Amino acid sequence: MHHQLKPPEAATLPRHLLEAHVVWLVRQCRSLRALRGAHARLLRLRLPRLTHAFALSKLLASCAASAPTAAAASYARSLFDQIPEPTAFCYNSLIRALATPSNPTADAFLLYRRMLRAGSPSPNSFTVAFALKACATVPALGEGRQLHSQAFRQGLEPSPYVQTGLLNLYARCEEVALAKSVFDGMAEDRNLVAWSSMIGGYSRVGMVNEALDLFRDMQAAGVNPDEVTMVSVISACAKAGALDLGRSVHAFIDRKGITVDLELSTALIDMYAKCGLIERARLVFDAMVERDTKAWSAMIVGLAMHGLAEDALAIFSRMLQLKD
DNA sequence: ATAGGGTTAG
């Protein structure tokens, strides 16, 4: 009954009901295409001006929360441009949507700067957190450092989302000393994301002992690792070529009931291959319910490293067959 | 009025 709302009815309904309808309609959308469809239907309702702005904001936020693609970014920009007086919420959503891997220029950062220059609306912790994420995606260390000092000046630095955003930015930029100083400053607020990000940073630069020590500290601090944490821990074992350790970490994963998802399976394949247990790598690969290009590649590269060229080519053919 | 951090191969 909700979806049968017609323009003549829309004009007579109270605003909160129209807004509820907008929320309901946007929440149904599972894809950009669906979002565009909802947009078209909302336009036909000829909503009052304020409700229309509300609808555009909701569409924009949903677009920003969808898969970070170039298409989502450009649709988000077009939505933003239709909003007469964008609020901080709108800016935040667009900054979030612009943080795509296919958007190598720091557009999100430029928009943040434009917001600052205009003087209004004022950025909040969401703005900084999304902008930091964009800088981490690029990655853009210089822009991220500017965000850091501005966040400090605006008193937004204490937000845990800003903290983890900074930590992650530095970790992704391989600035482990900077990442560590943010991490140390978090003291009481160190949550799962902060621990995972810091462990990931150490693992990325090959500081495997630091990564593994931190993994132990994390457990001592009573924070339970999840599958994302374990990807970095397994990757540290792979880089160290530490088979015994890798096996015991794998046993830990099973014992704790941590989900071995696509990413963790790929990390395990890589670890077993690098540590010399290609058959265990193959077992993990065979047990996977879905495989992406990285999973196939980890298996193929692993077999190739072990001199199993024919097996590698056989897997490659299987991969090609499944593609079409 | 509405929203949010972390993951892997070569």
Side-chain angles (χ1 to χ4, degrees), chain A residues 15-16 18-20 22-23 26-27 50-51 53-65 87-97 99 124-137 156 159-172 179 182-183 186 189-204 211 218 223 225-239 258-274 281 284-285 288 291-305 312:
Chain A
R15 200 169 114 199
H16 72 272
L18 288 176
E19 290 184 356
V22 169
V23 168
V26 172
R27 227 192 338 239
L50 276 179
T51 316
F54 172 82
L56 291 172
S57 301
K58 291 305 283 184
L59 288 164
L60 176 54
S62 176
C63 190
T87 60
F89 181 84
C90 301
Y91 273 95
N92 297 350
S93 296
L94 182 56
I95 289 171
R96 187 182 182 195
N124 56 30
S125 66
F126 286 84
T127 323
V128 179
F130 291 144
L132 283 170
K133 185 174 160 55
C135 290
T137 304
L156 297 171
S159 152
Y161 289 94
V162 171
Q163 293 282 305
T164 49
L166 288 167
L167 167 44
N168 185 243
L169 167 84
Y170 292 137
R172 285 198 68 99
V182 176
F183 182 74
M186 291 181 75
D189 298 330
R190 281 179 203 151
N191 52 34
L192 176 60
V193 176
W195 284 101
S196 301
S197 206
M198 192 67 236
I199 293 170
Y202 278 136
S203 177
R204 187 173 293 112
M218 173 185 188
V223 179
D226 69 359
E227 59 275 11
V228 179
T229 322
M230 298 319 293
V231 169
S232 295
V233 176
I234 287 292
S235 159
C237 296
K239 285 195 168 138
I258 293 170
T259 315
V260 181
D261 60 8
L262 175 65
E263 290 78 14
L264 188 47
S265 297
T266 305
L268 284 167
I269 291 167
D270 179 54
M271 185 274 288
Y272 281 124
K274 285 190 176 140
V284 174
F285 182 79
M288 292 178 78
R291 304 179 183 103
D292 64 358
T293 308
K294 283 177 179 167
W296 285 97
S297 302
M299 191 67 246
I300 293 168
V301 170
L303 290 165
M305 280 186 333

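Residue numbering restarts at 1 for every chain, and letters A, B, ... go by the order of the sequence lines. Just so it is clear, the model here is predicted, and its values are computed rather than measured.
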For this session: Please tell me which of the listed nucleotides, dG4(B), dG6(B), dG10(B), lies nearest to the side chain of Val301(A)?
Result: dG10(B)

For this session: Go through Lys294(A) and Glu263(A) one step at a time and tell me if the side-chain contact (heavy atoms from CB on, under 4.5 Å) criterion holds.
Result: CA-CA 9 Å; Lys294(A) 283 177 179 167; Glu263(A) 290 78 14; over 6 Å; no

For this session: Taking only the side-chain heavy atoms of Phe54(A) (C-beta and beyond), determine which of dG6(B), dG4(B), dT2(B) contains the nearest atom.
Result: dT2(B)

Exercise. Does the side chain of Phe285(A) reach to within under 4.5 Å of the side chain of Arg291(A), using non-hydrogen atoms?
Worked result: yes

Exercise. With a 3.5 Å cut-off and just heavy-atom distances, do the side chain of Ser297(A) and the base of dG10(B) make a donor-acceptor pair?
Worked result: no

Exercise. If you look at every strand shown and take non-hydrogen atoms under 4.0 Å, does Asp261(A) touch a base, only sugar-phosphate, or nothing?
Worked result: nothing

Exercise. Can you find a side chain N or O atom of Arg204(A) that sits less than 4.0 Å from OP1 or OP2 on dT7(B)?
Worked result: yes

For this session: May I ask you to say what Ser125(A) touches in the nucleic acid, namely base, sugar-phosphate or nothing, with a heavy-atom cut-off under 4.0 Å?
Result: base

Seminar exercise, completed: Smallest heavy-atom separation, Leu60(A) atom then Ser93(A) atom, equals CG-CB, 3.6 Å

Exercise. What residues, two or more places apart in sequence or in another chain, satisfy side-chain hydrogen bond (donor to acceptor under 3.5 Å, both in side chains) together with Ser235(A)?
Worked result: Ser203(A)

For this session: Give the rounded distance in Å between these two atoms: CE of Met186(A) and P of dG6(B).
Result: 12 Å

Exercise. Contact class for Ser265(A) vs. all strands (heavy atom < 4.0 Å): base, sugar-phosphate, or nothing?
Worked result: nothing

Exercise. Do Val223(A) and Arg190(A) have side-chain heavy atoms sitting under 4.5 Å apart?
Worked result: no

For this session: Just compare dA3(B), dG6(B), dG4(B) and give me whichever is closest to any side-chain atom of Tyr161(A).
Result: dG4(B)

For this session: Report the distance from atom CG of Leu262(A) to atom C1' of dT8(B), rounded to the nearest whole Å.
Result: 9 Å

For this session: Give the rounded distance in Å between these two atoms: CD of Gln163(A) and C1' of dG4(B).
Result: 15 Å

Exercise. So what does Thr87(A) hit on the nucleic acid, given a heavy-atom distance under 4.0 Å: a base, only sugar-phosphate, or nothing?
Worked result: base

Problem set entry | Sugar-phosphate, base or nothing in reach of Arg15(A), heavy atoms under 4.0 Å | nothing

For this session: Give Ala129(A) one of three labels, base, sugar-phosphate or nothing, depending on what nucleic acid heavy atoms sit under 4.0 Å from its own.
Result: base

Exercise. Across the strands shown, which category fits Lys274(A) at heavy-atom distances under 4.0 angstrom: base, sugar-phosphate, nothing?
Worked result: sugar-phosphate

Seminar exercise, completed: Side-chain contact check for Lys133(A): nearest option of dA9(B), dG6(B), dA3(B) is dG6(B)

Problem set entry | Length of the CG-P vector between Leu303(A) and dG10(B), whole Å | 13 Å

For this session: Quickly work out the Arg291(A) CZ to dA9(B) P distance and round it to whole Å.
Result: 19 Å

Exercise. Is there any side-chain hydrogen bond (donor to acceptor under 3.5 Å, both in side chains) pair reaching into residues 191-201 of chain A, and which pairs are they, with sequence neighbours excluded?
Worked result: Asn168(A)-Ser197(A), Ser196(A)-Thr229(A)

For this session: Mark yes or no for a side-chain to base donor-acceptor pair under 3.5 Å between Asp226(A) and dG6(B), with no hydrogen or angle criteria applied.
Result: yes

For this session: May I have the distance from Met305(A) (atom CE) to dG10(B) (atom P), rounded to whole angstrom?
Result: 7 Å

For this session: Indicate, yes or no, whether a donor-acceptor pair under 3.5 Å links the base of dA9(B) to the side chain of Asp270(A).
Result: no

For this session: Report yes if at least one side-chain N or O of Lys294(A) is closer than 4.0 Å to OP1 or OP2 of dG10(B); otherwise report no.
Result: no

Problem set entry | Asp292(A) CG - dT7(B) C1' separation (whole Å) | 12 Å

Exercise. Choosing from dT2(B), dG4(B), dT7(B), which nucleotide comes nearest the side chain of Phe130(A)?
Worked result: dG4(B)

Exercise. Can a donor-acceptor pair under 3.5 Å be found between the side-chain atoms of Ser197(A) and the base atoms of dG6(B)?
Worked result: no

For this session: Determine the contact category for Leu166(A): base if any of its heavy atoms lies under 4.0 Å from a base atom, sugar-phosphate if only primed atoms, P, OP1 or OP2 are that close, otherwise nothing.
Result: nothing

For this session: Give a yes/no verdict on base stacking between dA3(B) and Phe126(A): centres under 5.5 Å, planes within less than 30° of parallel.
Result: yes

Exercise. So which nucleotide from dT8(B), dG4(B), dT2(B) ends up closest to the side chain of Arg96(A)?
Worked result: dG4(B)

